[in-house]
Novice: 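Dropping a structure here in structure tokens format, bear with me for questions.
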Amino acid sequence: MRRWPVAAVLVVLAWLALPPAAMACNGWTEPDMETQLMCTVCHERLDQSNSAFAGRVRVNLHRWCGDAWTADRVRSTLVAQFGEEILAAPPKRGFDLLAWVVPAAVLAVGAAVAMGLTLAWSRSRRGPPGRSLPPDPALDARIDADLRGLD
């Protein structure tokens with residue numbers, strides 16, 4: 001029974017140690033920021049690049065995290081130094097907005113075409129409305145005989 005209070009105290013202490021580490025970057029983490037940035041030398045995401053440029057940016061990210069910079073400040077500083085090509089995703093404004101809108105529009109049009117084709121195909125499979133085949137007494141008798149034979 002004495003282990004329970006000790007474990008509870010350890011959990012509380014660990015929980016108290018986490019917020020300063022999480023808040024040190026002012027709401028962002030270095031690994032997350034590395035996925036949002038590109039290496040301008042090798043044109044890979046920063047988290048996948050081994051270039052010297054990527055290493056220097058990582059050092060700056062670590063320093064800026066310790067200085068509690070905001071994510072927007074980090075991105076705007078890097079864009080001011082290296083241009084928008086350092087961003088992994090294009091900005092959602094101006095001409096670059098097309099990079100976000102066109103794929104969504106293509107998916108929506110494709111879904112509408114697929115739905116239309118599916119409806120047309122399913123209607124053609126039903127046959128004309130109001131017509132159904134008349135019952136075939138010979139076929140019904142054969143089915144009944146086959147079913148009786150299974151007993």
Side-chain angles (χ1 to χ4, degrees), residues 7-8 10-144 146-147 150:
L10 289 176
V11 167
V12 169
L13 288 175
W15 181 74
L16 289 174
L18 286 179
M23 295 306 287
C25 289
N26 204 5
W28 59 276
T29 63
E30 291 175 52
D32 184 46
M33 186 62 72
E34 288 178 15
T35 64
Q36 299 173 29
L37 300 172
M38 297 291 288
C39 174
T40 59
V41 174
C42 62
H43 305 290
E44 291 183 2
R45 275 193 349 216
L46 207 63
D47 62 331
Q48 298 172 349
S49 175
N50 293 322
S51 71
F53 173 83
R56 288 192 307 272
V57 173
R58 282 190 198 98
V59 168
N60 284 331
L61 287 176
H62 184 72
R63 186 180 48 145
W64 295 334
C65 178
D67 293 343
W69 282 30
T70 64
D72 288 336
R73 183 176 177 193
V74 169
R75 280 190 290 271
S76 63
T77 300
L78 290 170
V79 167
Q81 289 178 356
F82 305 107
E84 288 190 344
E85 70 181 61
I86 196 159
L87 299 175
K92 296 175 184 159
R93 59 180 158 62
F95 183 75
D96 292 326
L97 184 62
L98 288 176
W100 295 98
V101 173
V102 169
V106 167
L107 285 174
V109 168
V113 167
M115 183 179 285
L117 290 173
T118 302
L119 288 173
W121 177 76
S122 67
R123 286 186 187 134
S124 71
R125 302 273 300 162
R126 278 190 234 148
R131 282 196 196 164
S132 62
L133 295 175
D136 183 4
L139 182 60
D140 287 344
R142 241 178 83 198
I143 292 172
D144 289 341
D146 286 344
L147 289 174
L150 294 176

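Since the structure is predicted, the reported quantities are computational estimates derived from the model, not experimental observations.
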Novice: Taking atom CG as the centre, does N50 end up with more than 12 heavy-atom neighbours from other residues, nucleotides or ligands that are less than 6.0 angstrom away?
Specialist: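 No - once you tally the heavy atoms of other residues, nucleotides and ligands closer than 6.0 Å, there are 12 at most.
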Novice: Please round to the nearest 0.5 Å and tell me the distance separating atom CE of M33 and atom CG of L78.
Specialist: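 Result: 8.0 Å between the selected atoms.
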Novice: With a 4.5 Å heavy-atom cut-off, do L37 and L61 have their side chains touching?
Specialist: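 Sidechains of L61 and L37: in contact.
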Novice: Going through the distances and angles, do M38 and E85 end up as a side chain to side chain contact (heavy atoms under 4.5 Å, CB included)?
Specialist: CA-CA 7 Å; M38 297 291 288; E85 70 181 61; over 6 Å; no
Novice: Which atom names give the shortest non-hydrogen contact between R75 and D72, and what distance separates them?
Specialist: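 Minimum heavy-atom contact is NH2-OD1, 3.0 Å.
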Novice: Provide the closest heavy-atom pair for A54 versus S49 in the form atom of the first, atom of the second, distance.
Specialist: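 Nearest heavy atoms, A54 then S49: CB-OG, 3.5 Å.
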Novice: How close do L98 and P103 get, heavy atom to heavy atom, and via which atoms?
Specialist: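 Heavy atoms of L98 and P103 come nearest at O-CD, 3.8 Å.
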Novice: So which heavy atom on P135 is nearest to which on D140, and how close?
Specialist: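 Nearest pair, atom of P135 first, then D140: CB-OD2, 4.4 Å.
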Novice: Main chain of C65, side chain of W28: is a donor-acceptor contact present, judged purely on distance under 3.5 Å?
Specialist: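 Checked: no pair found.
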Novice: Would you give the length of the straight line joining atom CG of D144 to atom CG of L139, rounded to the nearest 0.5 angstrom?
Specialist: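 So the gap between those two atoms works out to 9.5 Å.
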Novice: So, the side chain of R58 versus the backbone of L46: is there a donor-acceptor pair under 3.5 Å, distance only?
Specialist: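 Yes; at least one donor-acceptor contact below 3.5 Å.
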Novice: Classify the ring geometry between W64 and W69 as parallel (under 30°), tilted (30 to 60°) or perpendicular (over 60°).
Specialist: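 Aromatic pair W64/W69 classed parallel.
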Novice: With rounding to the nearest 0.5 Å, note down the distance linking CD in Q36 to CG in D47.
Specialist: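 Atom-to-atom, Q36:CD and D47:CG are 10.5 Å apart.
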Novice: Before giving the answer on side chain to side chain contact (heavy atoms under 4.5 Å, CB included), spell out for R63 and N60 the whole-Å C-alpha distance, their side-chain angles and the decisive distance to 0.1 Å.
Specialist: CA-CA 5 Å; R63 186 180 48 145; N60 284 331; 2.9 Å; yes
Novice: What's the spacing between D67 CG and H62 NE2 if we round to 0.5 Å?
Specialist: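 If I round to the nearest 0.5 Å, the distance is 10.0 Å.
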